[in-house]
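This report refers to the structure that appears directly beneath it.
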Amino acid sequence: MNARIGLDIGGTKTAALLVDDDGRALGEVVQPTDVTAPDRLVAAVVDTVDRALALAGATRLELVAAGVGVPGQVDPDTGTVRMAVNLNLREPYPLRHALQTALGVPVTLENDVRTAAWGAYHRANTARPLASLAYLSIGTGIAAGLVLGGRLYRGAGGMAGEIGHIPLDPSGPRCVCGSYGCLEAFAAGPAIAAYAAERLPAQDGAPLTTGQVYALADAGDPAAGHVIARAASYLARAVYLLVMAYDVEQVVLGGGVTRAGAAFERPLRRALAALRADSPLAAAMLPDEKIVVVPADFNAGVVGAVYLAEAERLPLAARR
Ligand SMILES: [Zn+2]
């Protein structure tokens, strides 16, 4: 058997999906990420791979390729992580080389949002052939991954899709990047929680989490409803921005904030309908079926990583 593995390395957890030649899932595991030092990070990832193999009754001899998504700036050509604060990698680190040496198979390295975009693209592509898609990740931050002409689009410096830092309102709150009123400063998880803290009482002495704000809004709380409607309005504009900038066939939304499920999707659809009601152009460009929220049971990150691994055909020696 030839097995491929997809890995989604997050700041706290690493998820792995092992598949066989035909793309059938053989095993899926989630383990803690060790960010105390680069060599320990690599050791923990290798341990996750070994556990996934053991779960499938397979060995390292059957592993032929790995795809890896990491939350940070990645140079896919050199396999270097330029910076990944959540992984405690603040200096450039040759993660691909370290993983290839440890695992003995070719490794493809990519930014995590772009990896998830690749997973979302392959999911959409099985329903009907698509050449273009934008994946909007809404979590601690906001970023988009782009598939154009059937390929991941990275931009000149690997920054394509970083729309979380497009300033939308100069009178808005200060963003972590230094600008004022970025999309991320209005609609990322922490921004929603911060705005809710200004307008809603704490529960049991603790500030509300983003998930709690969504649940309250969904239950009809007017103050929470206002907070969520504002976030949804900015996200709808971000979707419109992606459609108008790239004329993609589908926009897929994923990331931690979308796990609120229907409580996330309903206000987003209302905000999109409001854009359509204002403008015949928006009505033509933003049909409801063009916008898809990733289902809770679909892990776009590991699936995308598996497809990255499948794209890897070069022998190990050629990749060093
Ligand atoms: Zn910003």
Side-chain angles (χ1 to χ4, degrees), residues 3-10 14-20 22-25 28 45 52 64-79 81 84 95-96 99 105-139 141-155 157-164 239 242 245-246 248-256 258 290-295 297-314 319:
R4 291 175 168 76
I5 196 158
L7 291 148
D8 184 18
I9 307 179
T14 296
L17 173 65
L18 191 75
V19 302
D20 68 9
D22 299 320
R24 275 190 298 262
E28 194 164 1
V45 171
V64 295
V68 180
V70 295
Q73 289 179 36
V74 170
D75 184 338
D77 294 329
T78 62
V81 178
L95 183 60
R96 184 176 70 199
L99 286 173
V105 297
V107 172
T108 309
L109 195 66
E110 187 51 272
N111 162 269
D112 62 343
V113 173
R114 227 162 261 150
T115 303
W118 199 229
Y121 173 70
H122 281 278
R123 176 176 180 271
N125 213 25
T126 56
R128 67 183 170 98
L130 284 183
S132 61
L133 174 143
Y135 173 82
L136 185 62
S137 172
I138 309 137
I142 295 180
L146 299 161
V147 177
L148 302 175
R151 303 177 63 130
L152 276 175
Y153 179 71
R154 299 182 176 86
M159 293 296 280
E162 291 292 341
I163 66 164
V239 169
L242 287 167
Y246 300 103
V248 286
E249 292 155 83
Q250 197 168 98
V251 179
V252 180
L253 293 95
T258 68
K290 196 183 270 188
I291 294 101
V292 175
V293 179
V294 163
D297 62 354
F298 180 74
N299 187 336
V302 287
V303 172
V306 160
Y307 280 102
L308 285 174
E310 287 185 332
E312 178 59 74
R313 299 290 180 205
L314 294 174
R319 300 293 304 179

| remark: Here the pair of heavy atoms bringing V113 nearest to A144 is CG1-C, 3.7 Å
| field | Nearest-0.5 Å distance, CG of residue L146 to CG of residue L152 | value | 9.0 Å
| query | Nearest heavy-atom pair of Q250 and A124: which atoms, and what distance? | reply | OE1-CB, 3.4 Å
| said: Would L253 and V239 count as a side chain to side chain contact (heavy atoms under 4.5 Å, CB included) here? Give the steps. | reply: CA-CA 9 Å; L253 293 95; V239 169; 4.2 Å; yes
| query | Distance from R96 atom CZ to D77 atom CG, nearest 0.5 Å? | reply | 8.0 Å
| message | So, taking the atom named CG in L242 and the one named CG in L133, what distance separates them when rounded to the nearest 0.5 Å? | response | 10.0 Å
| request: Mark yes or no for whether N111, through its side chain, and Q73, through its backbone, hold a donor-acceptor pair below 3.5 Å. | output: no
| Does R4 reach the main-chain N or O of G23 with its side chain, forming a donor-acceptor pair under 3.5 Å? | no
| Do you know the tightest heavy-atom contact between V252 and A120? | CG1-CB, 4.0 Å
| message | Quick check against the 3.5 Å criterion: does R114 have a side-chain atom that pairs as donor or acceptor with the backbone of G158? | response | yes
| query | Which heavy atom in Y135 sits nearest to a heavy atom in A116, and how many Å separate them? | reply | CE2-CB, 3.5 Å
| query | Hey, are the side chains of W118 and E110 touching, using non-hydrogen atoms and a 4.5 Å cut-off? | reply | no
| said: The test is side chain to side chain contact (heavy atoms under 4.5 Å, CB included); show your working for V70 and L7 and say whether it passes. | reply: CA-CA 9 Å; V70 295; L7 291 148; over 6 Å; no
| task | Grab the two heavy atoms, one from A15 and one from N299, that are nearest each other, plus how far apart they are. | result | CB-ND2, 4.0 Å
| said: In the structure I gave you, are the side-chain heavy atoms of L136 and I163 within less than 4.5 Å of one another anywhere? | reply: yes
| message | Tell me the closest heavy-atom pair linking G10 and P71, and the distance in Å. | response | CA-CG, 4.4 Å
| Result of checking T115, L18, L17 against V302 for side-chain contact (heavy atoms from CB on, under 4.5 Å) | L17
| task | Describe, in one word, how the ring planes of Y307 and H122 are oriented to each other, choosing from parallel (under 30°), tilted (30 to 60°) and perpendicular (over 60°). | result | parallel
| query | Where the side chain of E249 meets the backbone of S132, is there a donor-acceptor pair that is under 3.5 Å apart? | reply | yes
